[in-house]
Amino acid sequence: MVSILVYPLFKKYIKLFFGISIALALSMSLLFGLTSACDSVDKSLDTFASQYRYADGIITTKVLDKNICKEIENINGVKSLNYRLTFDFQGKLSNGRYINVRAITYNYRDYGMQYTYDINESGDYPNVSVNKSFLDNNDIEVGDLIEADFADKKETLCMGRSITTPDCVSLILNKYIYGNNPDLAYMYLPEDYLLDTDYNNQFNQLLIFFEDWADQESLMNRIKIILGQSNILDDYLYSNSIIRNRIDINIKPVKSLSLLLPSAFFVIVICVSFLFLTQIIKQSRKDIGILRTLGRKITDIYYVFAGLVLFTSFLSIFLGTILGIFVTYLTSTIYVETFNIPYITYKFNIVYYIISIIATIVSGQIAVLLSIGQIKEISPTESLREEVRRPSNFDIKINNKLSNYSSKIKYGINSILKNKKRFIFSTLCLTATVMMIFTSWAFYDSKNEIKSSLFDERIKFDFQFFYDEKINDNDIKLLNQNSFVDAYEILNYIDTTIEFNNRKEDITVRGIEPNSSLIGLYKLNSINADISDGLIIEKHIAQNIGANIGDKVLVNGVEFVVEGMVDEYVDRYCYVKNDNLAKIKDIDQYSVVLKTGDETKAINFANSQDNISIASSTTSNRKGIEKEFSLYNIGVYFIIGFSLIIGFVIVYNTTINSLYEQKKELSVLRTIGYQVKDISRIWLFQTGIQTIISIIVGLILGVYFSRFAMSVISTSTREYPFTSSIKQYYLTIIIVLVFIVFTHYIAMQNIRKWNLVENTKEKD
């Protein structure tokens with residue numbers, strides 16, 4: 001008898017079951033897709049590095065002769081060695097622009113350039129390979145020429161190949177600057193190119209490949225002894241290498257979002273599924289009442305719904321698998337660009353897939369368990385007579401207080417009192433919708449806040465000119481005479497150390513004017529950092545040395561009071577007034593930042609001045625940041641899209657379910673003369689109360705959940721700030737109101753189509 005109920009229920013409420021299936025499928029696709037893509041990028045890096053023969057161990061040294069390594073080659077456990085010579089220089093492009101270059105030598109035998117994108121080699125000039133991301137960010141074409149001055153050579157080189165290597169995702173200028181710096185070109189020179197120079201038999205980076213069985217750590221220590229500790233600048237194994245750490249740092253927020261977002265959505269989907277099941281149970285009271293009269297247990301009826309939802313979950317698994325594969329592919333495509341790797345090695349992870357399936361099935365069954373209380377409330381005599389609901393004392397008191405109000409208000413309040421559970425649960429669902437939508441905009445604004453702090457607030461200039469010598473009066477005069485210069489400021493800086501409580505840190509101190517308009521300081525705790533006679537310290541440095549605002553610190557032995565902190569993303573810049581910069585030590589670098597409306601004239605001016613070595617534009621930096629945030633964008637768009645879809649489903653089904661629950665009552669009102677517009681006002685009164693409560697509670701919960709989510713995805717090098725703007729609240733409220741108005745319109749259109757005679761004969 002119980003089994004007979006399965007097919008009719010599924011057929012009658014197929015739309016509701018399909019709605020449950022879609023909601024579960026979306027959550028499963030997020031969990032499966034995001035975790036799979038996250039795992040794939042991890043594996044891809046290892047594959048990529050091994051294909052480039054990225055060493056098991058790397059030792060960076062002073063420039064040494066290769067003969068010193070003969071003993072190392074004979075060590076048992078060392079499979080082979082590779083030598084690289086790295087050096088930096090400034091190159092000049094054919095258009096007159098200067099770029100920074102990190103040159104790396106390689107030999108074709110042991111270091112193949114497998115992933116070459118474009119080739120346009122020259123027969124007249126030596127050909128070099130340049131990292132693709134640099135060429136893309138700076139609009140440089142393969143085949144362009146560059147004037148180089150290094151290794152006692154002054155030659156014109158051809159950028160003949162566009163490549164991608166593991167070096168492009170490692171640390172770049174120093175140990176504090178992460179990622180793919182758009183102003184630095186990795187240029188690979190064939191080792192044979194240096195044969196006729198003094199660098200012929202030299203190296204400053206030793207790449208070591210160990211046998212599989214070797215104790216790498218002990219062998220590394222032995223090799224360092226042979227090289228001489230005084231000659232070693234840096235060393236690491238691949239397992240804790242720069243490139244490995246770089247990926248781990250970036251993958252942390254990805255992993256957090258891969259678990260946090262699907263988990264949050266699964267919770268909301270459970271609520272949606274429970275809402276749908278509640279409606280199915282209410283509309284099946286007669287059938288359930290008959291089964292109870294025939295002696296069927298609650299558990300028997302529970303198994304019917306559990307089986308129906310289980311079948312629905314299997315459909316969700318099928319749809320979720322397809323969507324999950326699409327999400328994986330889409331996310332992986334973004335990873336390729338973000339992590340500067342040429343491909344994604346996608347491998348089906350059975351563990352993540354099984355976890356996604358289990359989460360989908362369990363979520364559906366939790367919704368059924370929550371619904372069992374609705375089944376218990378159905379009386380065995382439900383099929384024999386119409387249940388007459390007796391008002392409670394609370395209902396009577398409320399009605400007495402409403403005696404002087406209009407009939408529309410009375411009806412709206414009584415409708416809520418008649419089914420308090422439906423009203424409460426519908427309000428909770430709408431609250432969840434508000435929270436989701438608010439959180440999605442909070443993520444979006446967080447991204448914009450970071451980008452704003454990097455450029456809009458901190459970098460308000462277009463160019464930075466680096467001078468070889470101290471900037472003199474004549475240099476300033478030339479800037480003032482040129483019409484392309486809208487504004488300029490001197491920005492000199494020095495590399496030094498800071499000390500507090502016997503803790504030291506390497507820092508770069510910038511000297512700026514208190515009224516600087518081109519160099520903004522990032523707001524910390526919504527307060528602008530103003531410079532007087534103290535030191536503005538970067539907050540990560542402050543954390544490392546344990547200094548707080550008001551403490552006295554030593555900068556190269558000179559005492560300063562910490563008067564503010566700034567978040568400089570991952571740079572290590574601290575700030576003092578220009579007048580105080582020279583007190584610390586001799587200035588290392590001289591530069592001017594300027595605002596200009598004509599980039600071409602700025603470049604031409606820099607080329608005409610012998611004492612300007614580099615003209616750095618912020619354009620390429622902006623492109624690099626945009627690219628870096630592409631990974632974050634996909635997470636934001638997932639949240640926004642999913643929140644809008646699920647939010648609309650919740651609002652729509654809450655409205656339609658409430659409509660059909662009151663079908664008979666509303667039809668009676670129509671019969672006695674109420675117009676649709678009258679019922680619309682009554683309905684809006686009910687919905688208005690629900691909406692006001694949901695918006696207030698949902699926004700409060702959204703603030704706390706957003707803060708928690710930001711803290712989960714933040715890392716030691718990047719903190720995702722929670723920014724609360726009036727725009728977030730307006731957008732959330734407007735979107736929810738649009739959903740409500742739209743579903744209200746649909747509900748009123750349904751009422752117009754009702755058969756009033758038949759509806760008034762139906763039991764509730």
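- Summarising the geometry, atom NZ belonging to Lys79 is positioned 5.5 Å from atom CG belonging to Asp212; distances are rounded to the nearest 0.5 Å.
- Of all heavy-atom pairs spanning Ser591 and Tyr493, the tightest one is OG-CE2, 3.9 Å.
- Residues Phe203 and Thr61 meet the side-chain proximity criterion, which asks for heavy atoms closer than 4.5 Å.
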Please assess Val130 against Ile140 for the test side-chain contact (heavy atoms from CB on, under 4.5 Å), listing each intermediate value before the final yes or no. CA-CA 10 Å; Val130 185; Ile140 300 173; over 6 Å; no
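- Annotation for Asp65: atom CG counts as buried by contact number, over 12 foreign heavy atoms lying within 6.0 Å.
- A heavy-atom distance below 4.5 Å is found between the side chains of Ile119 and Glu121.
- For Lys224, the salt bridge (Lys or Arg N to Asp or Glu O under 4.0 Å) criterion is met by Asp235, not counting sequence neighbours.
- Put simply, the side chain of Asn120 gets close to the backbone of Val142: a donor and an acceptor are under 3.5 Å apart.
- Side-chain N or O atoms of Ser162 include none that pairs as donor or acceptor with a backbone N or O of Tyr117 at under 3.5 Å.
- Around OH of Tyr329, the count of heavy atoms belonging to other residues, nucleotides or ligands within 6.0 Å does not exceed 12.
- Note that CD of Gln216 and CD1 of Ile223 are 10.0 Å apart. Values are rounded to the nearest 0.5 Å.
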List the steps, then state whether side-chain contact (heavy atoms from CB on, under 4.5 Å) holds for Leu206 with Leu81. CA-CA 7 Å; Leu206 181 64; Leu81 301 178; 4.2 Å; yes
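- The heavy-atom pair separating Arg84 from Gln205 by the smallest distance is NH2-OE1, 2.6 Å.
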Pair Asn127-Arg161, side-chain contact (heavy atoms from CB on, under 4.5 Å): steps then yes or no: CA-CA 8 Å; Asn127 294 287; Arg161 289 172 177 259; over 6 Å; no
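- Tested against Met187 for a side chain to side chain contact (heavy atoms under 4.5 Å, CB included), the candidates Ile163, Val128, Ile104 yield a single pass: Val128.
- Distance CD1/Ile72 to NZ/Lys66: 13.5 Å, rounded to 0.5 Å.
- The main-chain N or O of Asp144 is never found under 3.5 Å from a side-chain atom of Glu141 such that the two would form a donor-acceptor pair.
- Side chains of Ile498 and Leu535 form a contact here, defined as non-hydrogen atoms less than 4.5 Å apart.
- Summarising the geometry, atom CG belonging to Leu64 is positioned 9.0 Å from atom CD1 belonging to Ile232; distances are rounded to the nearest 0.5 Å.
- The number of heavy atoms from other shown groups lying within 6.0 Å of CG (Asn67) is above 12.
- Residues forming a salt bridge (Lys or Arg N to Asp or Glu O under 4.0 Å) with Lys504 (at least two apart in sequence, or on another chain): none.
- Within 6.0 Å of the CD atom in Glu469, the count of heavy atoms belonging to other residues, nucleotides or ligands does not exceed 12.
- Between Asp39 and Val351, every side-chain heavy-atom pair lies at or beyond the 4.5 Å cut-off.
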Would you check, one step at a time, whether the test side-chain contact (heavy atoms from CB on, under 4.5 Å) holds for Asn349 with Thr35? CA-CA 9 Å; Asn349 193 312; Thr35 53; over 6 Å; no
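- The shortest heavy-atom contact between Gly511 and Leu491 is O-CD1, 3.8 Å.
- Of all heavy-atom pairs spanning Gly91 and Val101, the tightest one is N-CG2, 4.5 Å.
- A donor-acceptor pair under 3.5 Å links the side-chain atoms of Asp56 to the main chain of Phe210, judged by distance alone.
- Atom CD of Glu71 has 12 or fewer neighbouring heavy atoms from other residues, nucleotides or ligands inside a 6.0 Å radius.
- Taking all atoms of both residues into account, the shortest heavy-atom contact from Phe461 to Phe463 is CD1-O, 3.4 Å.
- The CD atom of Glu538 sits 8.0 Å away from atom CD of Gln543, with the distance rounded to the nearest 0.5 Å.
- One N or O on the side chain of Glu489 and one on the backbone of Leu518 form a donor-acceptor pair closer than 3.5 Å.
- Here the side chains of Thr105 and Tyr83 are not in contact, with every heavy-atom distance at 4.5 Å or above.
- Proximity of Phe465 to Phe605: side-chain heavy atoms (C-beta onward) are separated by under 4.5 Å at one or more points.
- Closest approach of Leu219 to Ala214, counting heavy atoms only: CD1-CB, 3.6 Å.
- A 4.5 Å side-chain heavy-atom check between Met159 and Leu93 finds at least one atom pair inside the cut-off.
- Remark: Ile59 CD1 to Met220 CE distance equals 4.5 Å, nearest 0.5 Å.
- Crowding of Glu217 atom CD: a count of heavy atoms from other residues, nucleotides or ligands under 6.0 Å not exceeding 12.
- Side-chain contact between Asn204 and Thr86: present, with at least one pair of heavy atoms (C-beta onward) separated by less than 4.5 Å.
- Of the options Val509, Ile507, Thr508, Asn556, a side chain to side chain contact (heavy atoms under 4.5 Å, CB included) to Asp495 is made by Thr508 and by none of the others.
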